[in-house]
Amino acid sequence: MERKPFSRLALAAFIAAVLGAIVFTRATRIALGEDISPLVLYGVVLIYLLTVLMLTLVWKSKATKGAIDVTNYTAFWQNAVRYTLALDMMMFGCQKFCHQQFYVPLGILDDPFTAIPNEMLMWAFMGRYHSMVNIIASLEILGGALLLFRKTRLVGAFVLLPMLLNIMLLDLYYLNLLVQAYVALELLAVIYLILLEYRRLVEFFLIAKGNAPLYNFRRQGVGYAVKASVIIIPALALSMHHYETNYTEITGKYEVKRVFINNTDQTQAPCRDSVLTHVFIDRYDLVLGYPDYRNKVIGRYTYNPETKQITVAFHYPMKDTLTATITPGNGEMKTLVGKMGSKELRIEMERVTPVNN
């Protein structure tokens, strides 16, 4: 029997075993929840992984003697990778259709963005319209189904590749390390399946000539100039754009400690609903915040860092003007003193969150 490289079989078996263990664990958790003991579940998974490891060592010994068809075994485990990925994509898609993903409690949706955990924030955005969730679910199911058939498995891998890459990037910033590792493994498995067709892909993308008609400029340099313009035009447009200065010494979220209007301390007022509690200063706007998060006064400002003077033209919900100076205090404490309309204003505030841009 002709001997084939064993490394391909070992790699396919390793990927299928690890991915299969994770998918089996997830499927069991979905089906049984807390009704199955973690000891039993992880014990079964460990036995499975050890069994595949021992079989791989046995096959290695037999392959050295030419006693097994390595190609046939390799094909089996490559198909196992495809099956496992297809199964997981099917489960993910069906979970979305059954409202088991992108669900956020209504009580959390009324919280400010900064108070919502990262995972819930992502799920709230993605799940705002369930029709979009259904489209994502359909693509997952489609990609998984295409992996199961010989003539469409490469198409299925290309359907899943950008979707898993997008999911991995979202998880990288919004979810925990365990989820990131799980999605990264699935993404690597899809890349592995694509690279199995490396020669076909090189032929298709780099060697074979397309059937679309070609247009040739009379001068070759014109063609290069047209291609370069897709970089030059955006660069010129952005270089000519007027950028607002990011005054990092004042930008951020402030908690108001005391506020005086016409020399009267408002923090001592019996009714606190209309007492200023927060000031937000970002790259463009200054916002006055009150106990009810829906009650805000928003305006565009200009700032002179030399004189510390800030001028704000409020435009929502009413039009008014604030002219004041911002003087630094101890630590992150700052004092804003000026005039808003006909009222004398003094705000003692502490920066609690700088603007990260």
Side-chain angles (χ1 to χ4, degrees), residues 6-63 68 70 72-103 119 123 136-137 140-141 143-148 153 156-157 160-161 163-165 167-168 170-172 174-196:
F6 184 78
S7 58
R8 295 179 181 177
L9 168 57
L11 179 60
F14 171 77
I15 296 174
V18 174
L19 196 60
I22 296 173
V23 173
F24 170 77
T25 302
R26 204 174 77 81
T28 305
R29 283 295 188 194
I30 292 173
L32 301 179
E34 300 298 326
D35 293 337
I36 183 171
S37 167
L39 186 63
V40 173
L41 177 59
Y42 295 128
V44 172
V45 169
L46 182 60
I47 292 172
Y48 165 68
L49 291 173
L50 291 176
T51 301
V52 175
L53 176 60
M54 288 187 292
L55 287 174
T56 304
L57 296 175
V58 172
W59 295 331
K60 171 65 175 175
S61 176
K62 290 186 176 182
I68 63 170
V70 175
N72 190 48
Y73 278 59
T74 303
F76 171 82
W77 284 105
Q78 288 174 352
N79 283 336
V81 175
R82 296 185 183 96
Y83 171 82
T84 308
L85 271 174
L87 175 62
D88 208 24
M89 291 299 105
M90 290 286 183
M91 284 198 301
F92 272 123
C94 292
Q95 280 184 278
K96 290 178 176 63
F97 278 124
C98 294
H99 298 265
Q100 292 185 4
Q101 289 188 338
F102 300 116
Y103 165 77
E119 179 181 358
W123 281 33
I136 297 172
E140 289 174 334
I141 292 174
L146 291 174
L147 284 178
L148 297 175
R153 60 195 185 192
L160 295 177
L161 178 64
M163 185 164 56
L164 284 174
L165 180 60
I167 291 172
M168 188 186 74
L170 288 171
D171 291 350
L172 184 63
Y174 289 94
L175 299 185
N176 58 56
L177 184 61
L178 186 62
V179 177
Q180 295 167 14
Y182 175 35
V183 177
L185 179 62
E186 291 204 319
L187 179 62
L188 290 174
V190 170
I191 294 174
Y192 164 75
L193 294 178
I194 291 174
L195 291 179
L196 292 178

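Excluded from the calculations below are hydrogen atoms, water molecules and symmetry mates; all remaining heavy atoms, backbone and side chain alike, are included.
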What are the two closest non-hydrogen atoms of [X] and [Y], and how far apart are they?
X      : Y      : value
Ile167 : Glu140 : CD1-OE2, 4.1 Å
Gly144 : Met89  : CA-CB, 4.1 Å
Gly20  : Tyr48  : C-CE2, 4.4 Å
Trp77  : Leu9   : CD1-CD1, 3.6 Å
Leu148 : Ala86  : CD2-CB, 3.7 Å
Ala80  : Ala16  : CB-CB, 3.9 Å

key: Among Leu188, Ile194, Leu193, side chain to side chain contact (heavy atoms under 4.5 Å, CB included) partner for Val190   =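 Passing option: Ile194.
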ask   = Looking at Leu185, Val81, Thr84, which one forms a side chain to side chain contact (heavy atoms under 4.5 Å, CB included) with Ile15?
value =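 Output: one option passes, namely Val81.
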Can you find a heavy atom in the side chain of [X] that is under 4.5 Å from one in the side chain of [Y]?
X      : Y      : value
Arg29  : Glu34  : yes
Asp171 : Asn176 : no
Met168 : Leu165 : yes
Thr56  : Tyr73  : no

Are the side chain of [X] and the backbone N or O of [Y] linked by a donor-acceptor pair below 3.5 Å?
X      : Y     : value
Glu186 : Leu85 : no
Gln101 : Lys96 : no
Gln78  : Ala12 : no

Near [X] [atom1], under 6.0 Å, is it more than 12 heavy atoms from other residues, nucleotides or ligands?
X      : atom1 : value
Leu195 : CG    : yes
Arg26  : CZ    : yes
Tyr192 : OH    : yes
Tyr182 : OH    : yes

Hey, what do you get for [atom1] ([X]) to [atom2] ([Y]), rounding to the nearest 0.5 Å?
X      : Y      : atom1 : atom2 : answer
Ile191 : Leu196 : CD1   : CG    : 12.0 Å
Asp88  : Leu164 : CG    : CG    : 9.0 Å
Thr25  : Leu41  : OG1   : CG    : 5.0 Å
Leu147 : Asn79  : CG    : CG    : 10.5 Å
Leu146 : Arg153 : CG    : CZ    : 12.5 Å
Ile47  : Tyr42  : CD1   : OH    : 15.0 Å

Steps toward side chain to side chain contact (heavy atoms under 4.5 Å, CB included) verdict (Leu19, Tyr83) = CA-CA 10 Å; Leu19 196 60; Tyr83 171 82; over 6 Å; no
inquiry  = Could you walk me through whether Arg8 and Leu11 satisfy the side chain to side chain contact (heavy atoms under 4.5 Å, CB included) test, starting with their C-alpha distance in whole Å, then the side-chain angles of each, then the deciding distance to 0.1 Å, before giving a yes or no?
reply    = CA-CA 5 Å; Arg8 295 179 181 177; Leu11 179 60; 5.9 Å; no
